[in-house]
Amino acid sequence: NGRRMLALKKSRGMFGYVAVLLLMVLTISMLFTNGFGSNIRDRRITYPQLLTMIEEGQVRSVAIRGTSLVGVTTTTTVADADFPDKNYDFETIIGADFIVTARQMQAAKLGKPLDEVSVKDLPFTIIYRQPLTTPWWYDLIPLAISLVLCGVMFWLIMRAQTGGNGKVMNFGRSRARIHDPNKNKVTFADVAGAEEEKEELKEMVDFLRNPKAYIDMGARIPKGVLLIGPPGTGKTLLAKAVAGEAGVPFFSISGSEFVEMFVGMGASKVRDLFKQAKEKAPCIVFIDEIDAIGKKRDGGKFGGGNDEREQTLNQLLTEMDGFEGSNGVIILAATNRPESLDPALTRPGRFDRRVPVELPDLQGREAILRVHAKKIKTEPNINYAQIARMASGASGAELANIVNEAALRAVRNHRTAASQADMEESIEVVIAGYQKKNAILTDKEKSIVSYHEIGHALVAALQSHSAPVQKITIVPRTSGALGYTMQVDEGNHYLMTKDEIINKIATLTAGRVAEEIVFGSITTGASNDIEQATKLARAMITRYGMSDEFGMVAMETVENAYLGGDTSLSCSAETQARIDALVVSIVKEQYQKATQILTDNRAKLDELAKYLYEKETITGEEFMNILNKKEA
Ligand code: ADP
Ligand code: MG
Ligand code: ZN
């Protein structure tokens, strides 16, 4: 009744184990007390002993069951009613000729020929009971029961390990779910927005579709791709889409599933997962939430650390080293905490490619809303752009939920299609429902962030010696920044001139400057800018010898160029105070310069900030076009 055992285990969890264990203990202890217990062993006698007792007239009654015999003595304390079923004085194994022997003994005693002594003349009563002899396997029963119970235990443990699917003998096999590429196919079309992410993953798809071309070319294909981004941005969806596009099997397993009850299982699961994957190649192995096993190893400082997790991680690293990308297995992993990953995982040859999956911008949000709105009934005149604008900062998962909530709301109100109002209403429901930590930006905040970023970009563009603006965005980033302005140097750039540093400091202060000019108040949004500006100004004085006052005197030395570049200050307290004062004055001066630039270009600042507010992400080109547009 394996099925029933399984059902028991599945529904009751730990209860199954406890029940079986109890049963085992009970059975064994019962066998020992009633079968071979010490009190009974005391009553065992040998056949010759029995004959002696008969000879001496000590036996009153015996009960024979095949070759075994129990009996009571003439001086017994055993009640007749109890004999022979419940109690007796002795027990023995008798020979087949017991009756004849007893008759011979009686005949000798009475001095009669054997023929004249019948069973009735014997000095004790014989009770025949079930003339069956005990079968040979009788003594093996307790052993057999214990063995069976052990087997059941073992089997239950195995089921727990395999999640109850698959064959019985797969102790420690991975629980990866495998998706048939032709069922519930997800493609890139299902992933709205995320154009950059899709672009990055297209190469993988191409490789999986046609590995031979790549192998023949001798190209090395990355083994591992790490999808990094906040929850709900579609990392899992993207991984599935890669498999769907390529039409290959897709193994998916969550990092936390590796690390489970039984020590050593995690590692063997990893081994098994890779074995299965290689058999099915080309295919994709997707490890979701890889941070569960991929956390930095702490060298076992406290109580040896989590050995199980480390072993699992080590096994993963070994497996990744052990196969070539050209085997046709590509490993995708997703995490929303890339900083917590062990550096060994992100080393070249392992997860050497990172694909940041960011929150969607305005266009992306609109596209996602449209994808999900297709699955429900909507009124024809819905303004998705409007909804997308209202839901700035929402993730793909939240947008999907907004659409679903709208549909639910329509049903509640007995309508057959979701309306614009349903959508707008459900934005709040979804956001409030989640109690999102970094809730959606208010319009006011969005506007402040727009001005802040344009401030940076404008000051950078209007000074000579600054790197061109590449991209400006006010979509909150994974890093926690509310927006950012990306500048990219043209060509290689190893040396920075003093002017460049000075201008960079001005650019850094410009975000805050814009806030102050436009809103007359300042926010906490500039903390990172302030930190960077201060560091730069300080380094000018202490490391680059760029201040008139100190000239070329190194007051700070870089201690370890590889590990973070910690610096140590080597100068007197007065000098330090003087350095601090100089830093303040440098930053202040640049702040004033930035204020000047932005006040002079207020019209452009307003125009660009409005444009960014609308679009949320703009390219350097768009930015320059507006900036260079002839003034009206
Ligand atoms: P993650 O793995 O990053 O936490 P998921 O991939 O599980 O996020 O996304 C959850 C759900 O959100 C998806 O099933 C999908 O319905 C929706 N979603 C997220 N991003 C997108 C997107 N770019 N396009 C369409 N739907 C998306
Ligand atoms: Mg996910
Ligand atoms: Zn800034």
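We count ligands from 1, going down the list as the structure has it; atoms in each ligand are counted the same way. Predicted model only: the values in this text are computed from it and were never measured.
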Using a cut-off of under 3.5 Å, which N/O atoms of ligand 1 pair up with protein N/O atoms, and what distance separates each pair?
{"residue": "ligand 1", "atom": "2 (O)", "partner": "Thr236", "partner atom": "N", "Å": "3.0"}
{"residue": "ligand 1", "atom": "2 (O)", "partner": "Thr236", "partner atom": "OG1", "Å": "2.6"}
{"residue": "ligand 1", "atom": "3 (O)", "partner": "Thr233", "partner atom": "N", "Å": "3.3"}
{"residue": "ligand 1", "atom": "3 (O)", "partner": "Gly234", "partner atom": "N", "Å": "3.1"}
{"residue": "ligand 1", "atom": "3 (O)", "partner": "Lys235", "partner atom": "N", "Å": "2.8"}
{"residue": "ligand 1", "atom": "3 (O)", "partner": "Lys235", "partner atom": "NZ", "Å": "2.7"}
{"residue": "ligand 1", "atom": "4 (O)", "partner": "Gly232", "partner atom": "N", "Å": "2.7"}
{"residue": "ligand 1", "atom": "6 (O)", "partner": "Lys235", "partner atom": "N", "Å": "3.4"}
{"residue": "ligand 1", "atom": "6 (O)", "partner": "Thr236", "partner atom": "N", "Å": "3.2"}
{"residue": "ligand 1", "atom": "6 (O)", "partner": "Leu237", "partner atom": "N", "Å": "2.9"}
{"residue": "ligand 1", "atom": "8 (O)", "partner": "Gly234", "partner atom": "N", "Å": "3.2"}
{"residue": "ligand 1", "atom": "12 (O)", "partner": "Ala397", "partner atom": "N", "Å": "3.3"}
{"residue": "ligand 1", "atom": "23 (N)", "partner": "Ala192", "partner atom": "O", "Å": "2.8"}
{"residue": "ligand 1", "atom": "24 (N)", "partner": "Ala192", "partner atom": "N", "Å": "2.9"}
{"residue": "ligand 1", "atom": "26 (N)", "partner": "His372", "partner atom": "NE2", "Å": "2.8"}

Using 4.0 Å as the upper bound for N to carboxylate O, is an ion pair formed by [Y] and [X]?
X: Glu616; Y: Arg389; result: no
X: Glu366; Y: Arg370; result: yes
X: Glu607; Y: Lys629; result: yes
X: Arg365; Y: Asp361; result: no

Parallel, tilted or perpendicular: ring planes of Phe286 versus Phe250, cut at 30 and 60 degrees: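 Ring orientation, 0 to 90° scale: parallel.
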
Matching residue for Phe351 among Leu332, Ile290, Ile228 - test: side-chain contact (heavy atoms from CB on, under 4.5 Å): Ile290

The Zn ion (ligand 3) reached by Asp529 (N, O or S, under 2.8 Å):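 Within the cut-off used here (under 2.8 Å), Asp529 does place an N, O or S atom near the Zn ion (ligand 3).
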
